[in-house]
Amino acid sequence: MMKATQLAEGVWWVGAIDWNLRDYHGYTLPGTTYNAYLVVGTEKTVLIDTCYPGFEEQVLCRVASVVDPKTIDAIVANHIEVDHSGGLPKMARMLPGVPIYCTEIAVKGLGRHYDTQDWNLQVVKTGDTLALGNKTLTFLEAPMLHWPDSMFTYLAEDEILFPNDAFGQHIASSERFDDELGKDASLSHAQKFFANLIIPLAPKVLKKLDQVGGLGIGISMIAPSHGVIWRSHAGDILQAYTDWSKGVSKEKVTIVYDTMHGSTDRMAQALADGAMDGGLEVKVCLLRDGRYEGCHRSDIVTEMLDSKAILIGSPTLEDEVLPTVAGFLSYLRGLSPGLLAQKKIGFAFGSHGGHGGAVKQIGESMQKAGIEVLGDGYEVTFRPDADEREACYRAGLALAE
Ligand code: FEO
């Protein structure tokens with residue numbers, strides 16, 4: 001039988017592990033977890049969040065290793081996205097009339113996803129509490145972190161914050177805690193999660209972190225809805241969210257491109273050589289539709305998050321940017337890295353065998369994403385000759401300077 005994992009006295013992880021998920025709306029991942037938590041008070045037992053549809057048995061089995069699932073007195077739905085609310089229909093059938101606490105917007109959203117006519121939905125607002133006897137849950141609305149319905153739940157007695165998606169990581173593992181998976185690996189998975197889901201919300205993250213800080217509450221543990229629980233490094237993930245939202249970067253450049261016959265590739269290599277010789281950390285990503293290890297768009301934006309600059313290259317194909325690069329640019333515009341407090345620097349490059357145009361389009365696209373683009377970029381005809389490769393090398397070197 002599956003077992004729950006204890007976080008504190010009367011507080012348990014009762015989530016589900018999805019070992020096989022590899023693509024989540026365009027984000028590549030090594031599986032994930034749908035974290036649900038059981039809080040057993042002296043008077044009431046509450047389930048916080050559920051799971052993706054089809055994973056209810058895992059949650060129920062883990063609950064059953066602590067208490068009879070039929071004794072659950074209430075459910076908290078921090079977020080309506082289906083990876084956390086998908087278990088609600090089964091729970092509502094199993095526990096007729098069970099109160100489900102959520103925000104006002106969540107009530108509307110749940111009604112669109114499920115037949116909630118018979119559900120006992122209870123609207124809560126920031127500051128509302130739910131007494132469980134010796135424990136009390138406090139709710140904190142968190143609109144647009146990352147959906148309008150989102151909220152955090154705080155357990156004061158154990159100083160545990162349940163922020164749903166915020167501070168999460170997509171990883172399926174046997175480890176439940178940050179100190180078991182390791183600090184670096186935990187932060188690295190959290191960085192990918194932030195880069196692909198949270199960048200456009202960076203200003204709201206900073207506001208919310210200020211608001212939570214202003215409450216003067218202790219946070220000993222952060223228990224998100226995906227990945228490991230921050231037990232030993234709660235302060236580190238809070239600091240990382242602050243830094244990522246501010247756009248704090250390393251002396252690092254990410255070079256992204258695709259190539260038809262190797263000309264744009266030669267330019268990318270020369271840019272990388274220049275940047276490296278200038279002392280920068282360099283990541284080079286050949287797009288190829290993400291078929292190369294570490295070069296999927298979701299990996300590239302993760303590299304970009306802590307880079308000072310992003311250089312994007314493409315040859316011109318039929319007056320357009322190559323489709324692989326165009327797809328990446330579309331993803332980048334959606335993420336809006338310009339919303340990070342500190343802007344990224346951008347540079348466009350490429351080659352053509354006719355009258356070109358891709359470099360201009362890349363520059364315009366980067367500007368729309370809020371990136372500060374340097375000049376008009378650099379476009380060469382046919383193959384870059386020795387002087388042109390030298391110009392690329394010097395452009396890479398100049399970035400470091
Ligand atoms: Fe917004 Fe993990 O769902």
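Both ligands and their constituent atoms are indexed starting at 1 by order of listing.
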Original post:
Which N/O/S atom belongs to D83 and is the closest one to atom 2 (Fe) of ligand 1?
Top reply: OD2

Original post:
Salt bridge or not for K125 and E141, using N-O below 4.0 Å?
Top reply: no

**OP:** Please say whether the positively charged group of R297, taken as NZ for Lys or CZ for Arg, lies over the ring of F328, i.e. under 6.0 angstrom from the six-membered ring centre and within 45 degrees of the axis.
**Re:** no

Original post:
Would you say H226 reaches atom 2 (Fe) of ligand 1 with an N/O/S atom under 2.8 Å?
Top reply: yes

**OP:** Classify the side-chain pair H146/N164 by whether it contains a donor and acceptor separated by less than 3.5 Å.
**Re:** no

Original post:
Among the N, O or S atoms that H84 has, which is closest to atom 2 (Fe) of ligand 1?
Top reply: NE2

Original post:
Does the pair R394/E390 count as a salt bridge with the N-to-O cut at 4.0 Å?
Top reply: yes

**OP:** Step through the shown structure and confirm whether more than 12 heavy atoms of other residues, nucleotides or ligands are within 6.0 Å of CZ on R22.
**Re:** yes

Original post:
For atom 1 (Fe) of ligand 1, what is the closest N, O or S atom on E81?
Top reply: OE1

Original post:
If you look at D165, which of its N/O/S atoms is nearest to atom 1 (Fe) of ligand 1?
Top reply: OD2

